[in-house]
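Letters A, B, ... mirror the listed sequences (proteins, then strands); counts begin at 1.
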Amino acid sequence: MTSKVPTVKGTREFYPEQMSLRNFLDEKVRAASQAFGYQEYDGPFIETIDLYAAKSGEELVKKQSFTFEDRGGDLVTLRPELTPSLARMIAAKQNELVYPVRWWSFGPFWRYEQPQKGRTREFFQWNIDMLGVDSPEADAEIIAVAATFLRSVKLDPARATIYVNNRRLMESQFDALGIFPDKRVEVSNLVDRRSKMEPAKWDEYALEVGLSQSQLDGLKNVLGNYDLWKKSDELTRTFDALEALGMKEYIKFNPNIMRGLLYYTGTVFEAFDTTGSLKRSIFGGGRYDNLLEDVGGQPLPGVGFAMGDVVIGIILQEAGLLPEFTPTPAQVLVTVFDEKLSSQSYKLAAELRDAGLNTIVYPEPAKLPKQFKFADRMKMKVALVLGPDEAEKGLVVLKNLLNGEQVQVPREAVVASVKGILNNA
RNA sequence: GCGGAUGUAGCUCAAUGGCAGAGCACUUGACUGUGGCUCAAGUGGUUGUGGGUUCGAGCCCCAUCAUCCGCCCCA
């Protein structure tokens with residue numbers, strides 16, 4: 001039964017279970033970022049549309065952004081990506097930052113697209129970038145951060161692979177085939193779409209774009225050449241560094257990875273789940289050496305990537321790699337026997353909290369079976385009972401809900417006993 | 001923007017055009033101070049919404065809304 005006021009299409013409600021997944025991703029992303037010394041930052045959630053007009057691609061700005069007029073009549077948009085905001089923030093303090101800048105962020109983004117598997121209109125995204133260095137080793141580091149994340153969530157190389165390519169390398173190949181720069185964008189799109197189209201249809205499409213038959217044949221040769229990276233000094237150095245960083249197993253050169261985004265200039269990469277039901281990329285990124293200039297800064301090279309929470313969430317769930325959900329952060333329940341004894345229970349709960357134990361006390365006198373059932377459903381570990389018999393003798397019944405064992409302990413020893421059980425659980 | 005599918009109990013789903021059901025969950029009891037396991041009983045419905053066809057519609061038709069899957073696009 002749907003509520004009278006439905007949610008906005010494509011938005012998401014994070015019930016505690018989904019929230020724990022979001023927090024799990026936040027933790028893993030933070031850990032991978034910080035392992036390499038990256039600093040956390042964030043930008044505005046609302047930006048003017050102009051920020052994205054320059055470089056983000058027409059489709060994104062015109063059709064996939066949540067844009068509206070504010071009360072002052074300005075066109076604003078809910079951010080569909082972070083990189084332009086990052087570029088502006090860097091440009092604004094370009095002369096006072098310590099380089100290389102290593103920054104990361106995990107926050108909400110919005111895109112007005114048709115919701116489907118792996119795609120929502122509201123999502124969280126991990127962004128991580130290094131600016132101020134244009135070395136192939138910097139590219140390797142960013143890719144290594146990504147691989148570190150994959151490893152930390154236990155997606156092994158057999159399951160998740162990072163495909164790497166280089167635009168400069170591809171452009172030199174295009175040049176050699178006589179494909180002129182004015183066709184670059186179309187040819188990039190062509191390459192991007194190859195895996196999704198029937199071979200014959202793709203050939204047709206290629207000829208429509210304006211390639212000659214010999215250029216098409218040449219292009220197919222290039223795209224099938226998995227040793228092509230040897231012709232690129234950049235990629236050779238990047239792969240060497242990745243080997244030294246211990247991440248080579250996650251990496252594969254793939255000349256078919258182009259990425260649609262206009263601002264990439266050098267190495268580009270994209271990760272896919274190689275076994276699951278989802279064909280979407282887990283994350284993608286690359287080197288963008290002109291972006292700062294484009295937003296009005298001094299030239300500054302950069303490399304980075306972004307990962308949405310939706311696809312990785314589905315993959316981890318399908319792979320059974322999500323941690324077991326713990327309904328309540330409290331492991332201890334203090335039951336309330338009856339109205340007369342309830343204040344005793346509240347006092348005991350307060351003591352447990354003072355001792356650093358997260359504790360729930362039942363908020364009304366209810367039948368014990370109901371209270372125990374609550375503790376069970378919440379996967380709590382210890383239940384305490386303070387009934388008339390115990391109150392009289394200064395005791396508390398302490399039940400280990402994991403094994404059902406139950407003991408009576410003196411009131412003063414409760415904290416220590418509970419801690420003992422929790423330590424062994 | 002285009003195409004396909006699905007909307008029935010809190011959840012997952014059944015029901016040839018002829019009495020709207022099951023499992024799970026919930027409540028109660030078996031068990032008067034103890035969860036899980038078991039057994040029994042009970043509560044729970046404007047079949048998404050609005051029209052139409054029919055003696056009769058959950059089922060057929062039209063419209064509409066929502067969700068899911070795909071296309072487009074993917075930063």
If each of A/G10 and A/Q125 is mapped to the nucleotide of RNA chain B with the nearest heavy atom, which maps nearer the 5' terminus, i.e. the 5' end? A/G10

What string of B, S and - do you get for nucleotides 28-44 of chain B, 5' to 3', when a contact is any protein heavy atom under 4.0 Å? -S---BBBB--------

Output the rounded distance in Å from CE (A/M258) to C1' (B/C74). 15 Å

Could you tell me whether A/R193 contacts a base, only the sugar-phosphate backbone, or nothing, with contacts defined as non-hydrogen atoms closer than 4.0 Å? sugar-phosphate

Taking only residues two or more places apart in sequence, or in another chain, which ones meet A/F239 in a ring pair (Phe, Tyr, Trp, His ring centres under 6.0 Å)? A/W229

A/R121 CZ to B/C74 P, in whole Å, measures 17 Å

Which pairs would a plain distance check flag for residues 362-383 of chain A, meaning a side-chain donor or acceptor within less than 3.5 Å of a matching protein atom at least two apart in sequence or in another chain?
unit_1	atom_1	unit_2	atom_2	d
A/Q371	OE1	A/V336	N	2.8
A/Q371	NE2	A/V336	O	2.7
A/Q371	NE2	A/A366	O	2.7

Quantified in whole Å, what is the C1' atom distance between nucleotide B/G52 and nucleotide B/A14? 27 Å

In terms of relative ring orientation, are A/F269 and A/F283 parallel, tilted or perpendicular, with 30° and 60° separating the classes? perpendicular

Write down the distance between CZ (A/R119) and C1' (B/G1), rounded to a whole number of angstrom. 18 Å

Using the P atom on both, measure B/A15 against B/U53 and round to a whole Å. 28 Å

For A/A306, the side chain to side chain contact (heavy atoms under 4.5 Å, CB included) test, sequence neighbours excluded, returns A/Q125, A/N127

What's A/Q114 touching, base or sugar-phosphate or nothing? Going by heavy atoms closer than 4.0 Å. base

Separation of B/C68 atom C1' from A/I314 atom CD1, nearest Å, is 12 Å

Roughly how many Å apart are B/G51 and B/C11, using the P atom of each and rounding to a whole number? 25 Å

Work out how far the P atom of B/G17 is from that of B/C74, and round it to whole angstrom. 46 Å

Whole angstrom value for the distance that separates P of B/C71 from NZ of A/K201: 13 Å

Say you pick atom P in B/G42 and the same atom in B/G23; how far apart are they, in whole Å? 12 Å

Give me the distance, rounded to whole Å, that separates B/U27 from B/G50 when you measure between the C1' atoms they each carry. 37 Å

Sequence neighbours excluded, the answer for ring pair (Phe, Tyr, Trp, His ring centres under 6.0 Å) partners of A/F14 is A/F124

Between P on B/C65 and NZ on A/K9, what's the gap in Å once rounded to a whole number? 10 Å

Can you list the residues that meet the ring pair (Phe, Tyr, Trp, His ring centres under 6.0 Å) rule with A/W110, with sequence neighbours excluded? none

Is a side-chain N or O of A/E293 found less than 3.5 angstrom from the main chain of A/N290, in a donor-acceptor match? no

Does A/R12 qualify as a cation-pi partner of A/F123, given the criterion of NZ or CZ under 6.0 Å from the six-membered ring centre and within 45 degrees of its axis? no

Starting from P on B/C71, measure out to OH on A/Y205 and report it in whole angstrom. 15 Å

With P as the reference atom in both, quote the distance from B/C59 to B/A20 in angstrom, rounded to an integer. 13 Å

Pair pattern of RNA chain B in dot-bracket, where unpaired bases get dots and | marks partners in another strand, Watson-Crick or G-U under 3.5 angstrom: (((((((..((((....[..)))).(((((.......))))).....(((((..]....))))))))))))....

Got a sec, which residues hit ring pair (Phe, Tyr, Trp, His ring centres under 6.0 Å) with A/Y250, two or more places apart in sequence or on another chain? none

May I ask you to check whether over 12 heavy atoms, not counting those of A/K220, lie within 6.0 Å of atom NZ? yes

For A/T7 and for A/E113, locate the closest nucleotide of RNA chain B by heavy-atom distance; then report the residue assigned to the nucleotide nearer the 5' terminus. A/T7

Using the side chain to side chain contact (heavy atoms under 4.5 Å, CB included) criterion, which residues pair with A/Y226? Sequence neighbours excluded. A/N254, A/P255, A/N256

Is the base of B/C74 touched by the side chain of A/R111 through a donor-acceptor pair closer than 3.5 angstrom? no

Quote, to the nearest angstrom, the C1' distance that separates B/U43 from B/G58. 23 Å

Measure CD/A/E13 against P/B/U67 and give the value in whole Å, please. 11 Å

